Amino acid sequence: MPADSAPVLVTFPDGTTDVVPPGTCCGDALARWRPSEAPGFLAAFLDGTPVDLSRPIGSAGRLSPITFRDRAGQAILHHSCAHLVAKAIVELVPDARPTVGPATTEGFHYDFDMRPLTPDDLPKLAESMSATVRSGERFERLEVAKEDALRMVSSNPYKAGYIAEVGAGEPVSFYRTGTFVDLCRGPHVPHAGWLKGIHILGFSAVTLGGVPEGTPLQRVRGVGFPTREELDTYLKMRKEAEARDHRVLGQKLELFTFVDSAPGFPIWLPRGMIVERELESFVREHLHASHYSEVRTPLMFAQSVFETSGHWEHYRADMFLTEIEGRSFGWKPMNCPGAMLVFGSRARSYRELPLRLAEFAPLHRLEASGTIHGMTRVREFVQDDAHLFVTEEQIEEEVTNLLAWVREAFTTFRLGWSYELSTRPTQFLGEVETWDRAEAILERTLKGSGVEYRVSPGEGAFYGPKIDIHLRDSMGRPWQTGTIQLDYQMPRRFRLEYQGPDGQLHTPTVIHRTILGSVERFLGVLLEHVNGRLPPWLSPEQVRVLPVGERHENAANDLVAELETHGIRAESSGSQETLGKRVRAAEVERVPYIAVLGDTEVAGGSVALRVRGQKAQEILSSTDFVARVREKVRTRSFDP
RNA sequence: GCCGCUGUAGCUCAGUCGGUAGAGCGGCUGAUUUGUAAUCAGCAGGUCGGGAGUUCGAUUCUCCCCAGCGGCUCCA
């Protein structure tokens with residue numbers, strides 16, 4: 001009996017086994033194992049490799065199902081959606097040349113070399129895709145020899161390029177959906193009927209490989225779900241996320257604004273300024289406890305300072321430059337040069353180390369016009385910045401303390417964050433050995449602190465490796481906030497020295513670090529995270545006092561005065577409007593505490609308290625109320 | 001910076017097939033004195049993003065610029 005006609009032993013994830021006829025496909029084998037769940041299987045792992053359900057099982061092996069609940073399943077479904085988009089595009093624009101269409105974290109995109117898309121194309125694409133979904137056409141795998149594959153894509157140099165990367169002698173796979181055939185590794189969902197929840201989110205031009213002068217490709221972005229209902233749920237969530245946009249909230253809550261004549265330069269409004277100052281106070285409290293000193297250095301320096309720091313060579317393109325009496329000056333994009341000058345302002349002893357210099361100065365960076373984005377990407381911003389001058393032996397302890405502060409700070413805001421270790425870039429200062437040593441220290445510290453982190457090779461600053469902290473906004477876009485960077489170069493370039501216990505002069509190492517990062521960006525992300533409902537300690541207005549009627553207005557004013565003497569930001573809202581309307585206004589304006597005063601309260605020296613977001617009221621004495629608000633603010637409670 | 005789209009009152013938006021614009025919210029005034037998410041009425045508010053062109057006439061059509069939005073790239 002030939003080997004390929006012998007029954008095959010299949011092992012399932014629960015350890016059970018089955019013997020199936022040769023040539024049985026993965027889908028059928030899985031259906032025999034779990035008949036009731038089989039309709040949810042969209043692909044399979046065969047010996048750990050993702051494959052189509054239609055893949056025949058060649059020899060004994062482990063088989064497990066993939067569903068949309070699995071990360072891998074989502075990627076497979078999303079990628080299948082990308083094929084549907086490509087099919088629709090090619091039908092609409094026959095000379096469009098598809099390039100790549102990967103699944104992404106949220107959905108998928110597909111890039112095409114074609115004429116620019118317009119909004120009018122979208123309904124046509126949607127109609128075409130839904131016709132394919134209705135047809136339920138199968139995703140059919142074709143395996144061909146490399147030479148044949150190259151012939152099949154002769155009109156598409158992009159695809160030919162991908163095939164060229166396939167090893168000699170290896171077969172190349174294509175997938176056919178109806179009349180559309182696309183080069184693809186697979187696997188795919190069994191048929192187009194799986195893609196009822198496909199939706200195009202938008203399109204845009206992208207430059208191939210990030211090369212600005214390259215041919216722009218048209219990128220179609222989308223999401224996909226197995227059912228229409230799941231898509232609707234997603235779109236609803238997305239709409240809610242859009243409503244939490246910090247640019248909208250910032251304007252509604254009168255925190256900040258922008259004008260056309262200062263693109264990328266935020267205007268902090270009075271209420272926003274309160275939040276900004278509270279954030280700074282939060283940081284300063286920590287700085288004080290952790291033995292930092294605060295300094296303030298010039299916003300501008302002559303070119304020579306930036307030549308010394310290395311910015312002139314490595315960062316000039318992103319700096320605002322100006323000329324003063326014929327001399328070239330630059331607006332500082334970072335605080336480090338100033339910190340170096342402070343350290344160098346007199347002779348230093350090893351007894352002063354670690355010397356921790358904090359600075360909250362405004363920084364200016366000439367960000368490209370297409371990149372500025374609300375408060376999260378601006379041209380002028382303030383960081384909770386500091387430079388720690390240390391001996392090499394002190395680095396690890398300082399970085400460990402910083403990681404602890406990261407944890408404390410972000411936990412206060414109930415924000416989730418992630419770490420990224422960025423290593424030596426192609427353009428760098430100093431010696432490779434120094435970089436290796438610095439990278440090793442950071443890695444050791446991260447491991448020692450027991451945190452998860454991702455490594456980004458080549459993404460370090462030009463003067464040293466760094467640990468970056470990332471947050472995500474309401475739309476899931478990642479933003480870098482904090483950063484901890486090691487620097488052996490700048491102190492040397494500024495000829496900084498301290499006298500060691502050995503009587504010799506040594507060059508200190510510097511740790512550049514900011515935890516919240518830019519206060520602007522941080523507030524932007526935070527606003528989206530809390531949907532504008534800032535914790536009481538950060539709220540510009542902490543208490544709104546509402547007199548029920550005219551005769552309660554004096555009592556309301558007295559309560560506001562009482563709150564203010566305790567440092568609580570309170571305002572009363574007169575009685576011209578109905579109580580319902582004023583309650584609504586306070587809720588819409590995200591005031592954490594609403595205190596209503598009517599006959600009962602005035603008579604009893606109490607307030608009817610409505611906590612933001614909670615319909616239920618509570619009657620308590622005004623003394624207790626004041627104490628409660630004070631306590632929530634003092635402890636920086638997240639919830640009111 | 002690149003590609004596409006958008007730009008009408010403080011905000012959200014309608015409208016003008018080319019004949020200089022309207023609503024709701026907000027603001028102001030008045031009436032109402034209200035018990036927990038929108039009381040009623042009146043009034044004010046716009047060189048329709050800026051500039052040029054076509055036209056008897058441009059907010060509307062064309063071009064240029066500016067800004068915003070979505071991506072790309074880059075970054076705190």
Side-chain angles (χ1 to χ4, degrees), chain A residues 109 111 115-119 121 201-221 242 245 247-248 251-252 254 257-264 315 317-318 333-335 363 365-385 459 461 466 468-471 475 477-483 485 512 514-522 524-525 546-553 574-589 594-601 608-610 613-617:
Chain A
H109 62 244
D111 296 344
R115 63 150 171 91
L117 284 160
T118 73
D121 294 323
L201 289 174
F203 54 85
S204 62
V206 298
T207 48
L208 190 56
V211 186
E213 53 273 10
T215 324
L217 301 176
Q218 297 297 311
R219 171 167 297 180
V220 178
R221 292 178 309 112
E242 277 168 20
D245 189 319
R247 292 164 296 189
V248 176
Q251 184 182 55
K252 280 195 177 145
E254 292 188 31
T257 189
F258 291 89
V259 292
D260 284 3
S261 44
Y315 207 81
D318 296 312
M334 303 175 194
N335 286 313
L363 303 176
R365 297 187 188 175
L366 182 46
E367 300 293 343
S369 58
T371 64
I372 51 184
H373 181 98
M375 287 298 248
T376 46
R377 186 71 179 271
V378 293
R379 286 172 169 160
E380 179 187 354
F381 57 96
V382 170
Q383 292 177 322
D384 62 325
D385 205 3
E459 295 297 319
K466 56 179 185 167
D468 287 335
I469 295 147
H470 295 268
L471 304 180
M475 296 303 289
R477 289 175 290 223
W479 293 100
Q480 186 188 319
T481 54
T483 184
Q485 314 183 342
H512 305 243
T514 169
I515 303 304
L516 305 185
S518 143
V519 176
E520 287 77 3
R521 176 175 287 181
F522 182 79
V525 175
L546 303 181
V548 170
E550 208 166 351
R551 63 179 176 278
H552 313 116
E553 283 187 12
S575 58
Q576 287 304 108
E577 301 289 351
T578 59
L579 185 63
K581 183 164 182 167
R582 287 177 285 146
V583 167
R584 179 173 194 276
E587 286 280 358
V588 167
E589 291 163 34
I594 301 171
V596 175
L597 296 183
D599 288 339
T600 332
E601 291 76 18
L609 173 64
R610 179 180 168 130
Q614 295 172 24
K615 225 175 148 62
Q617 307 150 45

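Here is how names work: the chains are called A, B, and so on, in the same order as the sequence lines, proteins then strands, and each is numbered from 1. Predicted model only: the values in this text are computed from it and were never measured.
Listed by chain and number, the residues in a salt bridge (Lys or Arg N to Asp or Glu O under 4.0 Å) with A:R610 are A:E587 (sequence neighbours excluded). Residues meeting the side-chain hydrogen bond (donor to acceptor under 3.5 Å, both in side chains) test with A:T483, sequence neighbours left out: A:D468, A:Q485.
One can place CD1 of A:I372 at 8 Å from P of B:C69, the figure rounded to the nearest angstrom. Nucleotide B:C3 holds its C1' atom 14 Å from the CZ atom of A:R115, rounded to whole Å. Counting to the nearest Å, the P atom of B:C72 and the CG atom of A:L217 are 13 Å from each other. In this structure, NE2 of A:H109 is placed 8 Å from P of B:C72, rounded to the nearest angstrom. Rounded to an integer number of Å, the gap from A:D111 CG to B:C3 C1' is 12 Å. Here the C1' atom of nucleotide B:C5 and the CZ atom of A:R219 are 18 Å apart, to the nearest Å. Rounding to whole angstrom units, CZ of residue A:R247 and C1' of B:U6 are separated by 13 Å. Between A:R221 atom CZ and B:G71 atom C1' the separation is 6 Å, expressed in whole Å.
Residue contacts for A:G202: at a heavy-atom cut-off of 4.0 Å it reaches no nucleic acid atom on any strand shown. Within the nucleic acid shown, A:S261 has no heavy atom closer than 4.0 Å to any nucleic acid atom. Residue contacts for A:L597: at a heavy-atom cut-off of 4.0 Å it reaches no nucleic acid atom on any strand shown. Across all strands, A:D599 comes closer than 4.0 Å to base atoms (heavy-atom distances). Using a 4.0 Å heavy-atom cutoff across all strands shown, A:E601 reaches at least one base atom of the nucleic acid. Heavy atoms of A:H373 sit under 4.0 angstrom from primed sugar atoms or phosphate atoms, though from no base atom.
Between A:R582 and B:A38, a side-chain N or O to OP1/OP2 separation shorter than 4.0 Å is absent. Phosphate proximity of B:A37 to A:R610: present, with a side-chain N or O under 4.0 Å from OP1 or OP2.
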Q) Is there a side chain to side chain contact (heavy atoms under 4.5 Å, CB included) between A:R521 and A:Q480 once you walk through the steps? A) CA-CA 9 Å; A:R521 176 175 287 181; A:Q480 186 188 319; 4.0 Å; yes
**Q.** Residues A:M375, A:F381; criterion side chain to side chain contact (heavy atoms under 4.5 Å, CB included); working and verdict
**A.** CA-CA 9 Å; A:M375 287 298 248; A:F381 57 96; over 6 Å; no
Q: Start with the C-alpha gap between A:R365 and A:M334, add the side-chain angles, then the distance that decides, and say whether side chain to side chain contact (heavy atoms under 4.5 Å, CB included) holds.
A: CA-CA 9 Å; A:R365 297 187 188 175; A:M334 303 175 194; 3.5 Å; yes
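Where pairing requires Watson-Crick or G-U contacts shorter than 3.5 Å, the helical stems of RNA chain B with at least three consecutive pairs are B:1-7 with B:66-72, B:10-13 with B:22-25, B:27-31 with B:39-43, B:49-53 with B:61-65.
Judged by distance alone, with hydrogens and angles left aside, the side-chain atoms of A:R582 form a donor-acceptor pair with the main-chain N or O of A:V548 at under 3.5 Å. Without hydrogens or angle criteria, A:D121 side chain to A:T118 main chain gives a donor-acceptor distance under 3.5 Å. A donor-acceptor pair under 3.5 Å is formed between the side chain of A:E601 and the backbone N or O of A:G598. Judged by distance alone, with hydrogens and angles left aside, the side-chain atoms of A:R379 form a donor-acceptor pair with the main-chain N or O of A:E367 at under 3.5 Å.
Across all non-hydrogen atoms, the minimal contact from A:Q218 to A:A205 is NE2-CB, 4.2 Å. Closest of all the heavy-atom pairs between A:Y315 and A:P333 is CE2-CB, 3.5 Å. Of all non-hydrogen atoms in A:L516 and A:T481, the two that sit nearest each other are O-CB, 3.4 Å.
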Atom pairs under 3.5 Å: protein N/O with N/O of nucleotides 74-76 of chain B:
from  : atom 1 : to     : atom 2 : distance (Å)
B:C74 : O2     : A:R377 : NH1    : 2.7
B:C74 : O2     : A:R377 : NH2    : 2.0
B:C74 : N3     : A:R377 : NH1    : 2.8
B:C75 : O2     : A:R521 : NH2    : 2.8
B:A76 : OP2    : A:K466 : NZ     : 3.3
B:A76 : OP2    : A:Q480 : OE1    : 3.0
B:A76 : OP2    : A:Q480 : NE2    : 3.2
B:A76 : O4'    : A:Q383 : NE2    : 3.1
B:A76 : O3'    : A:Q480 : O      : 3.0
B:A76 : O3'    : A:Q480 : NE2    : 2.9
B:A76 : O3'    : A:T481 : N      : 3.2
B:A76 : O3'    : A:T481 : O      : 2.3
B:A76 : O2'    : A:Q480 : O      : 2.3
B:A76 : O2'    : A:T481 : O      : 3.3
B:A76 : O2'    : A:R521 : NH1    : 3.0
B:A76 : N7     : A:R365 : NH1    : 3.4
B:A76 : N6     : A:E367 : OE2    : 3.2
B:A76 : N6     : A:V378 : O      : 2.5
B:A76 : N1     : A:V378 : N      : 3.3
B:A76 : N1     : A:V378 : O      : 3.4
B:A76 : N3     : A:S518 : OG     : 3.4

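Remark on RNA chain B: of its neighbouring residues A:R584 and A:P547, the 5'-side contact belongs to A:P547, judged by nearest-heavy-atom nucleotide.
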Q | nucleotides 8-14 of chain B: protein proximity per nucleotide (B base, S sugar-phosphate only, - neither; heavy atom, under 4.0 Å) | A | ---S---
Q. Quick one: what's the B/S/- string for nucleotides 25-33 of chain B, heavy-atom cutoff under 4.0 Å, read 5' to 3'?
A. -S-----BB
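Which of B:C3, B:U36, B:C72 sits closest to the side chain of A:A608 comes down to B:U36.
Taken to the nearest 0.5 Å, the CZ atom of A:R247 stands 13.0 Å off from the NZ atom of A:K252.
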